Each structure stands twice: as C-alpha cells, then as structure tokens.
Amino acid sequence: MEAATSWKKMRAGVCSIQLQALTSEAATLVKQAVTLATRRGHAQVTPLHIATVMLATSTGLLRKVFLQCHSHPLQYKALELCFNVSLNRLPAPTPSPLLSPPYSTTPSLSNALVAAFKRAQAHQRRGSIDQNQQQPILTLKIKVEQLIVSILDDPS
C-alpha cells in the first residue's frame with residue numbers, strides 16, 4: 001500500500017512539473033483534458049484529450065478556427081465524431097484488486113503528450129532565440145498555440 005502511495009506522489013510530482021512549464025491558459029487546457037480522461041476512465045491523458053477539449057469548449061482554439069474559416073457545420077460535427085470515436089477506442093484500465101481508488105483513477109500524462117510538451121518547449125526556445133530575447137530557459141512557458149503545433153507535429 002505504501003508503494004502505491006509513493007507512486008501516486010511521484011506521478012503527481014511529474015504532472016505538476018509539466019504544468020509549471022505551461023502558461024495558465026495551457027495549464028487550464030491540460031487540467032480539462034485530465035478531467036476528460038478521468039471521466040472516461042482512461043489511464044493516460046493523450047494529445048487526443050487535449051484536441052477534444054479544444055474542440056468542445058466554446059473558447060477552445062480548434063472551435064474558433066472552425067468558426068473563423070466558415071466551414072460547414074457538418075465538418076465540425078464530423079471532426080467531433082472522429083475525436084469521440086478515437087477516445088472510445090482508447091484502452092481503459094482494468095481494475096486491479098491491489099490498487100483501489102483513488103490510485104487507479106488518476107490518469108497520468110502519456111509519453112506522446114510529454115513528448116509534445118518537449119517539442120513545444122524546443123520550438124519556444126528556437127523562437128525566443130530568433131527574436132533575440134535573452135530569457136532564461138526555465139522562465140519560458142509553453143503557450144497553447146505551441147502546444148497545438150507540437151501535437152499536430154506528432155508522428156503518431
């Protein structure tokens with residue numbers, strides 16, 4: 001039981017470190033994605049969860065893009081349906097008798113999402129060098145736009 005508690009603390013620590021590297025807007029987006037993953041019973045938060053939140057919320061960037069490009073409403077519904085089908089296909093963990101809630105209900109960040117964070121940070125560092133800003137790397141925060149680009153850049 002003690003090992004499960006330390007594992008949960010370690011995962012929570014990694015998650016809080018990742019969230020500290022985000023702007024408040026991006027962190028809110030990730031928290032909403034964690035809520036979505038939890039509600040659906042997924043073990044991990046993936047880039048798909050982030051994209052779904054951006055499409056579903058009224059202030060979400062993907063939703064704004066669809067409204068600005070005057071796309072047909074059925075295209076929006078089709079993308080929403082594709083995301084929902086993809087989320088339904090994500091594996092949900094099977095309950096373990098050794099781990100009882102809340103240990104098994106807190107989703108972790110997927111490797112793909114952590115990699116997206118790293119790509120966004122690298123992109124931001126390159127952008128700040130191009131703009132001749134002498135900001136220390138630790139103070140750079142990932143913006144929503146950079147997170148989107150890094151998610152779209154994901155080879156998977």
Side-chain angles (χ1 to χ4, degrees), residues 1-69 71-124 140-156:
M1 195 65 135
E2 203 170 300
T5 304
S6 65
W7 172 249
K8 181 181 177 189
K9 286 180 183 178
M10 185 176 75
R11 278 191 353 193
V14 169
C15 187
S16 66
I17 289 169
Q18 294 291 340
L19 291 178
Q20 289 175 0
L22 303 171
T23 62
S24 62
E25 183 183 14
T28 299
L29 182 68
V30 172
K31 288 175 186 176
Q32 290 172 340
V34 169
T35 301
L36 175 64
T38 302
R39 192 174 68 238
R40 287 182 161 262
H42 296 147
Q44 293 185 322
V45 182
T46 67
L48 180 61
H49 289 96
I50 301 279
T52 301
V53 168
M54 285 190 290
L55 187 66
T57 59
S58 61
T59 58
L61 197 56
L62 286 180
R63 186 181 204 128
K64 287 180 184 178
V65 168
F66 264 90
L67 294 175
Q68 288 177 351
C69 71
S71 64
H72 193 279
L74 290 178
Q75 289 175 321
Y76 174 81
K77 286 293 182 190
L79 184 59
E80 197 174 43
L81 180 63
C82 285
F83 283 5
N84 192 39
V85 167
S86 296
L87 284 173
N88 287 341
R89 290 182 178 168
L90 289 177
T94 55
S96 169
L98 299 176
L99 297 177
S100 61
Y103 305 115
S104 60
T105 59
T106 305
S108 61
L109 301 180
S110 70
N111 289 341
L113 187 54
V114 172
F117 288 159
K118 289 178 182 180
R119 281 192 304 276
Q121 285 175 322
H123 180 71
Q124 175 130 359
L140 291 176
K141 299 270 187 176
I142 300 170
K143 298 177 185 171
V144 172
E145 295 83 1
Q146 291 158 334
L147 185 56
I148 292 169
V149 169
S150 68
I151 287 173
L152 293 174
D153 193 32
D154 184 5
S156 66

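Quantities reported herein were computed from a predicted structural model and do not represent experimental measurements. Because only heavy atoms are used, hydrogens play no part in the values below, and waters and symmetry mates are left out as well, while side chains stay in.
Remark: Ala56 pairs with no residue by the side chain to side chain contact (heavy atoms under 4.5 Å, CB included) rule, at least two apart or across chains. Considering only residues two or more places apart in sequence or on other chains, Arg63 meets the side chain to side chain donor-acceptor pair (under 3.5 Å) condition with Tyr76. Residues meeting the side chain to side chain contact (heavy atoms under 4.5 Å, CB included) test with Ala33, sequence neighbours left out: Val45, His49, Ile50, Val53.
Here OG of Ser150 is found 12.5 Å from NZ of Lys118. Values are rounded to the nearest 0.5 Å. One finds the CD atom of Glu145 at 6.5 Å from the CD atom of Glu25 (value rounded to the nearest 0.5 Å). Between the CG atom in Asn111 and the OG1 atom in Thr46 there is a gap of 11.5 Å [rounded to 0.5 Å]. In this structure, CG in Leu48 is found 4.0 Å from OG1 in Thr52, a value given to the nearest 0.5 Å. Once rounded to the nearest 0.5 Å, the distance linking CG of Leu22 with CG of Leu29 reads 9.0 Å. The CD1 atom of Ile151 sits 6.5 Å away from atom CG of Leu113, with the distance rounded to the nearest 0.5 Å.
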Under 3.5 Å donor-acceptor pairs involving side-chain atoms of residues 78-91, not counting sequence neighbours:
| residue | atom | partner | partner atom | Å |
| --- | --- | --- | --- | --- |
| Glu80 | OE1 | Lys77 | NZ | 3.3 |
| Asn84 | OD1 | Arg40 | NH2 | 2.3 |
| Ser86 | OG | Cys82 | O | 3.0 |
| Asn88 | OD1 | Arg40 | NH1 | 2.7 |
| Asn88 | ND2 | Asn84 | O | 3.4 |

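Looking at heavy atoms from C-beta onward, Thr28 lies in side-chain contact with Gln32 at the 4.5 angstrom threshold.
Leu109 approaches Gln44 most closely through the heavy-atom pair O-NE2, 4.3 Å. Scanning both residues, Ile142 and Ala120, for their nearest heavy atoms gives CG2-CB, 3.6 Å. Shown here for Ala112 and Arg119, the closest heavy-atom pair between the two residues is O-NH2, 4.4 Å.
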